[in-house]
Amino acid sequence: MELDGTSLTCAQVATGGPVSIASLDRARAAWRTARSLTGPVYGQSTGVGANKDTSVQEGGFDLLRSHAGGAGPLVSERRARAMLVVRLNQLLAGGSGVDPALLPVLAEAINGGHTPPVRTYGAIGTGDLTALATTALCLLGEREWRGSGPGPRFPLSSADALPFISSGAATLADAALAVHQVKLLLDAAIGVAARTFTAVNASAEPLARAVHEARPQPGQADVAARLRGLLASEEAVRVQDPYGFRAFAQVHGATVDALARAQRAVEVDLNAANENPLFDGELAWHNGNFHAAPIALALDALRAALVPAAQLATARLATLMEPAYTGLLPFLAGRQGDSGAMILEYVAHDALAELRLLSAPVTGGTAVISRGTEDHASFATQAARAALRCVEPLEIVLACELVAARRALAERGAPGERDRPLDTDLDAAREELRLVSG
């Protein structure tokens with residue numbers, strides 16, 4: 001994919017490369033401005049944080065070594081590679097003042113399968129300093145890249161140090177990966193719901209175009225239209241179905257809307273010059289664009305929105321266990337008194353409980369650090385990390401519904417399946433969800 005600093009999407013971040021560079025013009029312009037200034041510039045002629053009023057000379061290398069201090073396990077190579085893609089695209093947007101000759105070297109690392117050894121803990125939503133300082137030390141040859149063979153080197157100057165690490169690229173990478181994976185699952189969930197609708201002969205009347213024109217919420221109307229297109233037009237057998245069916249478009253559509261808002265927020269920042277200072281025109285603009293409040297708020301809302309969507313999936317799963325709706329034995333059992341698919345409800349509610357825990361907002365907290373000069377934090381890093389963790393339990397809830405719906409449909413034609421372990425069925429359903437969504 002070609003990176004140009006203006007059009008990177010969450011889906012492209014998820015591909016991980018290979019990448020090419022469209023133009024270095026904006027990066028070159030910012031670099032020329034940075035080299036022409038003679039007054040005090042934060043992080044170049046001064047220290048950082050509470051040391052902002054202290055004059056320093058060639059302090060960039062000490063800054064990198066002191067800030068490459070994360071903790072915990074290494075993040076996956078996929079996440080680290082996504083971080084490199086994001087940072088490269090941000091640098092192409094201009095404003096950083098980094099030597100533009102660095103950018104092709106970052107592309108070389110991405111395309112060569114080299115990633116920095118980034119630790120999990122070390123950021124609070126005001127810049128991924130530990131992750132990017134570690135990356136810079138890899139470029140300088142002071143840390144080893146992950147991957148086969150020696151990774152690329154680049155002689156960063158002291159003046160490049162703060163401009164390179166002053167970014168939330170790792171947080172944005174996690175956010176983009178989470179948004180992309182959640183989007184695929186929410187799309188797949190509509191197909192799963194269609195099977196359940198069919199299995200219980202649920203009414204399609206709540207999906208009618210007239211219903212959703214009367215309340216023009218965009219996600220709701222889109223979900224209703226897509227599900228309507230997957231269902232055979234049959235006369236309803238009940239006046240009204242449970243909310244898992246009757247309100248599916250409204251609830252799932254609201255989640256889709258929250259996802260759309262999160263995707264917009266993330267993609268704006270993927271293509272923004274979130275630099276401090278920002279080198280633009282003939283000046284260095286000291287600012288707060290590194291603060292990730294828009295990302296934290298959007299991801300808090302997205303994680304919260306996943307819970308009701310998963311709750312309705314578990315409600316539909318419960319309906320599939322009821323003979324009054326399926327016309328089959330309780331729990332879709334093959335014989336009276338067997339447990340059938342009963343265990344799926346336990347598995348689904350375990351995963352749903354995990355989603356509820358992950359939905360806790362991060363934006364209610366803050367931090368005051370660096371002797372009070374940095375007196376607020378978004379914790380977008382934690383919001384993005386939690387959003388990534390939501391993918392697995394959401395997938396499991398949907399897999400439980402899919403296994404039960406498939407079993408209900410099969411029992412209609414060939415009743416009598418005996419009790420057996422369903423873990424392999426769940427594994428296959430999760431794989432199917434990935435294939436359908438991917």
Side-chain angles (χ1 to χ4, degrees), residues 185-186 188-207 227 230-249 251-252 307-355 392-437:
L185 281 175
L186 293 181
I190 298 173
V192 175
R195 292 187 186 224
T196 308
F197 266 70
T198 302
V200 303
N201 291 316
S203 172
E205 185 178 335
L207 306 171
L227 181 54
L230 295 174
L231 297 175
S233 181
E234 296 181 2
E235 188 173 332
V237 297
R238 292 173 291 274
V239 174
Q240 291 206 124
D241 290 307
Y243 284 6
F245 304 90
R246 186 158 31 114
F248 173 73
V251 175
H252 200 77
V307 175
Q311 286 170 332
L312 275 201
T314 61
R316 291 189 299 276
L317 177 61
T319 302
L320 286 165
M321 303 296 145
E322 287 289 343
Y325 290 97
T326 64
L328 302 169
L329 292 177
F331 308 112
L332 305 174
R335 299 185 308 175
Q336 192 72 44
D338 280 0
S339 295
M342 180 192 296
I343 196 63
L344 294 178
E345 291 192 270
Y346 291 80
V347 176
H349 279 280
D350 184 357
L352 176 59
E354 186 75 8
L355 274 177
E392 180 178 82
L394 177 61
E395 182 181 88
I396 289 171
V397 169
L398 295 175
C400 288
E401 182 185 359
L402 178 57
V403 169
R406 181 183 289 124
R407 184 176 178 125
L409 293 168
E411 286 286 320
R412 286 179 170 181
E417 183 176 3
R418 300 295 298 273
D419 281 355
R420 58 180 177 78
L422 295 177
D423 49 355
T424 55
D425 296 66
L426 286 169
D427 288 342
R430 292 181 65 186
E431 184 62 27
E432 181 177 332
L433 287 170
R434 293 176 198 139
L435 291 173
V436 170
S437 59

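Fair warning: this is a prediction, and the values are worked out from it, not measured in the lab.
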Indicate yes or no for a side-chain donor-acceptor contact from Asp419 to the backbone of Asp338 under 3.5 Å, with no hydrogens or angles considered.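 Flag not set: sc Asp419 to bb Asp338 has no pair under 3.5 Å.
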Residues Glu345, Thr314; criterion side chain to side chain contact (heavy atoms under 4.5 Å, CB included); working and verdict: CA-CA 7 Å; Glu345 291 192 270; Thr314 61; over 6 Å; no
Looking at [atom1] of [X] and [atom2] of [Y], how far apart are the two atoms once the value is rounded to the nearest 0.5 Å?
X      : Y      : atom1 : atom2 : value
Gln311 : Leu355 : CD    : CG    : 9.5 Å
Leu402 : Leu317 : CG    : CG    : 11.0 Å
Leu344 : Ser339 : CG    : OG    : 11.5 Å

Looking at [X] and [Y], what are the two nearest heavy atoms and their distance?
X      : Y      : result
Pro323 : Leu329 : CG-C, 4.0 Å
Val251 : Ala309 : CG1-N, 3.9 Å
Ala194 : Leu231 : O-CD2, 3.6 Å
Ala247 : Leu312 : O-CD1, 3.9 Å
Leu207 : Ala249 : CD2-CB, 4.3 Å
His252 : Ala189 : CE1-CB, 3.6 Å

Going by salt bridge (Lys or Arg N to Asp or Glu O under 4.0 Å), Glu401 matches just one of Arg430, Arg316, Arg406. Which one?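 Among Arg430, Arg316, Arg406, the one that satisfies the salt bridge (Lys or Arg N to Asp or Glu O under 4.0 Å) with Glu401 is Arg316.
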Give the intermediate values and the outcome of side chain to side chain contact (heavy atoms under 4.5 Å, CB included) for residues Arg418 and Arg335. CA-CA 7 Å; Arg418 300 295 298 273; Arg335 299 185 308 175; 3.0 Å; yes
Could you please spell out the steps behind the side chain to side chain contact (heavy atoms under 4.5 Å, CB included) verdict for Leu230 and Phe197? CA-CA 10 Å; Leu230 295 174; Phe197 266 70; over 6 Å; no
Does the side chain to side chain contact (heavy atoms under 4.5 Å, CB included) test come out yes or no for Glu354 and Ile396, once each step is laid out? CA-CA 11 Å; Glu354 186 75 8; Ile396 289 171; over 6 Å; no
